[in-house]
Protein chains: 2
Amino acid sequence: MAAGGPESPVRLAAETWESLFRAQVAVMRKLQSGPAFRKLAVNEYDVLFTLSRCPSGWLRLNELNDNVLLSQSSLSRLVERLEKRGLVARMPAPEDGRGILIQLTDEGRELQKEIGREHVRDISALVGPALTPAEQKELRRLTDKLRDSLGKR
Amino acid sequence: MAAGGPESPVRLAAETWESLFRAQVAVMRKLQSGPAFRKLAVNEYDVLFTLSRCPSGWLRLNELNDNVLLSQSSLSRLVERLEKRGLVARMPAPEDGRGILIQLTDEGRELQKEIGREHVRDISALVGPALTPAEQKELRRLTDKLRDSLGKR
DNA sequence: CCAATTTAGATGCATTTGCATCTACCGTCG
DNA sequence: CGACGGTAGATGCAAATGCATCTAAATTGG
């Protein structure tokens, strides 16, 4: 193992992750404290957002769970809360008696759009001045590649 | 280059952040579920790690709070737990009667190293196969630049 | 076809988290 | 100096989270 010389692959990977993670923390901290998340926690918004992006409009609970950093039980209760607030609707999955399908209600879609607009402005104000468009594209490419690589295993 | 027309700057920034965030979620999910975090939650490890990287060995509570995605009160109690477990020690800040200095105990340093070794291996196994060394360096550069840009305001 | 295993989601319960607030201390300005 | 606004942490309390477990339904293997 190299000491002092060129950086070891293990160390490089660790530092890469460290940078990615700290950047995420720094951005998220700013976003969270903004006014966009007065009405909804970030995780709750994230669920609405994921549902809004889904082509069919319906998602299984376990599919949702792949996108969000929450345990299965926490997501279950989070969706329960959203349902109580009238932002999502559930129905039993037709093909699988164990499963639950979730979809945005009109009110949920409305709130997602409202928060989303503000959220996107906040993001733009943070990321826009930090990186050139070319750098943003490259960052997007690299993080997409990283995520794709994890999924394939 | 881009397939469908030009992308608006706002949209590009939003998609960049989205990719970064999802990649972080995907990696973190894998890391959390590994055996490295049986003994300590990720946030708790993060505090030990941050303390281990600190040159003086001592850090103020509010300095710690900049690195971790936790509210002030949650961090205060997290440190309280770590102290109860004998992993960190506190002392009043000499120059500021309001402040608290925190440092690793020997046991805390030991545990940080132990978890850290495993953690770094896990990271390497996830990031190493996903991106070339040059890509990792570029990703590190971009995320560092992003974080630096946020700090300066 | 039925028993055994696996998977999806819900639930009891203890822990963790955040908001609001409180106390103690710092720095400033009269 | 002494009041006053601001900052560093701690704390009460309600809400959110995760672990372990449970139920029900699907899948597998005989």
Side-chain angles (χ1 to χ4, degrees), chain A residues 25 28-48 50-51 54 58-85 87-103, chain B residues 25 28-48 50-51 54 58-85 87-103:
Chain A
V25 167
M28 186 57 89
R29 176 174 291 285
K30 298 243 178 195
L31 290 175
Q32 273 185 334
S33 65
F37 294 105
R38 281 279 152 73
K39 305 191 167 196
L40 220 51
V42 173
N43 281 336
E44 293 171 337
Y45 170 75
D46 203 10
V47 165
L48 298 193
T50 303
L51 286 170
C54 168
W58 293 96
L59 271 182
R60 288 287 290 268
L61 211 43
N62 60 1
E63 295 174 310
L64 265 176
N65 218 147
D66 294 335
N67 277 319
V68 185
L69 202 54
L70 273 180
S71 70
Q72 177 268 318
S73 60
S74 297
L75 179 61
S76 180
R77 283 191 241 252
L78 188 154
V79 168
E80 190 179 56
R81 290 196 301 274
L82 293 178
E83 189 187 25
K84 263 177 196 147
R85 290 177 62 172
L87 301 173
V88 305
R90 320 161 84 130
M91 83 176 198
E95 302 295 328
D96 186 338
R98 300 163 299 180
I100 294 289
L101 290 177
I102 296 143
Q103 135 187 100
Chain B
V25 167
M28 185 57 89
R29 177 175 290 287
K30 299 241 177 196
L31 291 175
Q32 273 184 335
S33 65
F37 293 105
R38 281 279 152 72
K39 306 190 166 197
L40 219 52
V42 172
N43 279 336
E44 291 170 339
Y45 170 74
D46 203 9
V47 165
L48 297 193
T50 304
L51 286 171
C54 168
W58 293 97
L59 271 181
R60 287 285 292 266
L61 210 43
N62 59 2
E63 294 172 311
L64 266 175
N65 218 150
D66 294 336
N67 278 320
V68 185
L69 201 53
L70 274 179
S71 69
Q72 176 267 318
S73 60
S74 298
L75 179 62
S76 179
R77 284 192 240 253
L78 188 154
V79 167
E80 189 179 56
R81 291 196 299 274
L82 293 178
E83 188 186 27
K84 263 178 195 144
R85 290 176 63 172
L87 301 173
V88 305
R90 321 160 85 131
M91 84 175 197
E95 300 297 327
D96 185 340
R98 300 162 299 180
I100 294 289
L101 291 178
I102 296 143
Q103 129 187 107

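Lettering follows sequence order; numbering is per chain, from 1.
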How long is the line joining [atom1] of [X] and [atom2] of [N], in whole Å?
X        : N       : atom1 : atom2 : answer
Asn65(B) : dA8(D)  : CG    : P     : 10 Å
Leu40(B) : dC19(D) : CG    : C1'   : 17 Å
Leu78(A) : dG18(C) : CG    : P     : 15 Å
Lys84(A) : dA15(D) : NZ    : P     : 11 Å
Leu61(A) : dT7(C)  : CG    : P     : 17 Å
Arg29(A) : dT17(C) : CZ    : P     : 13 Å
Glu83(B) : dA10(D) : CD    : P     : 9 Å
Leu75(A) : dT11(C) : CG    : P     : 14 Å

Roughly how far, to the nearest 0.5 Å, is the [atom2] atom of [Y] from the [atom1] atom of [X]?
X         : Y        : atom1 : atom2 : result
Leu78(B)  : Glu83(B) : CG    : CD    : 12.0 Å
Leu64(B)  : Thr50(B) : CG    : OG1   : 6.0 Å
Leu69(A)  : Arg29(B) : CG    : CZ    : 5.5 Å
Arg60(A)  : Asp96(A) : CZ    : CG    : 4.5 Å
Ile102(A) : Leu51(A) : CD1   : CG    : 6.5 Å
Gln72(A)  : Asn62(A) : CD    : CG    : 9.0 Å

Considering all heavy atoms, the nearest [X]-[Y] contact:
X        : Y         : result
Leu59(A) : Cys54(A)  : CG-SG, 3.8 Å
Phe37(A) : Leu31(A)  : CD1-O, 3.5 Å
Asp46(A) : Asn67(A)  : OD2-O, 4.1 Å
Pro94(B) : Leu101(B) : CD-CD1, 3.6 Å

From [options], pick the nucleotide closest to the side chain of [X]?
X         : options                   : value
Ser76(A)  : dA8(D), dA10(C), dA16(D)  : dA10(C)
Arg81(B)  : dT16(C), dG6(D), dG9(C)   : dT16(C)
Ile100(B) : dA10(D), dT11(D), dA10(C) : dA10(D)

Tabulate atom names and distances for all N/O pairs under 3.5 angstrom spanning the protein and nucleotides 19-21 of chain C.
residue	atom	partner	partner atom	Å
dC19(C)	N4	Ser73(B)	OG	2.9

_Side chain to side chain, Leu87(B) and Glu44(B), heavy atoms closer than 4.5 Å_ = no
_Any heavy-atom pair between the side chains of Ile100(A) and Ser76(A) that's under 4.5 Å?_
no
*In degrees rounded to 10°, what angle is found between the helical axes fit to the five outermost pairs at each end of the helix from dC1(C)-dG30(D) to dG30(C)-dC1(D)?*
20°
*Residues in contact with DNA chain C, drawn from residues 87-96 of chain A - heavy-atom cutoff 4.0 Å*: Arg90(A)
*Mind checking Leu70(A) for me? I need base, sugar-phosphate or nothing, with any heavy atom below 4.0 Å counting as a touch.*
sugar-phosphate
*Side-chain N or O of Asn43(A) less than 4.0 angstrom from OP1 or OP2 on dT17(D)?*
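Affirmative; the distance criterion is met.
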*Asn62(B) side-chain N/O to dT7(D) phosphate OP1/OP2 under 4.0 Å*: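 No, because none of the side-chain N or O atoms of Asn62(B) sits under 4.0 Å from OP1 or OP2 of dT7(D).
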*DNA chain D: 5'-proximal contact among Gln32(B) and Leu101(B) (nearest heavy atom)*: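 First, find each residue's nearest nucleotide; the 5'-ward one identifies Leu101(B).
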*Please figure out whether Arg98(B) or Leu69(B) has its closest DNA chain C nucleotide nearer the 5' end.*
Leu69(B)
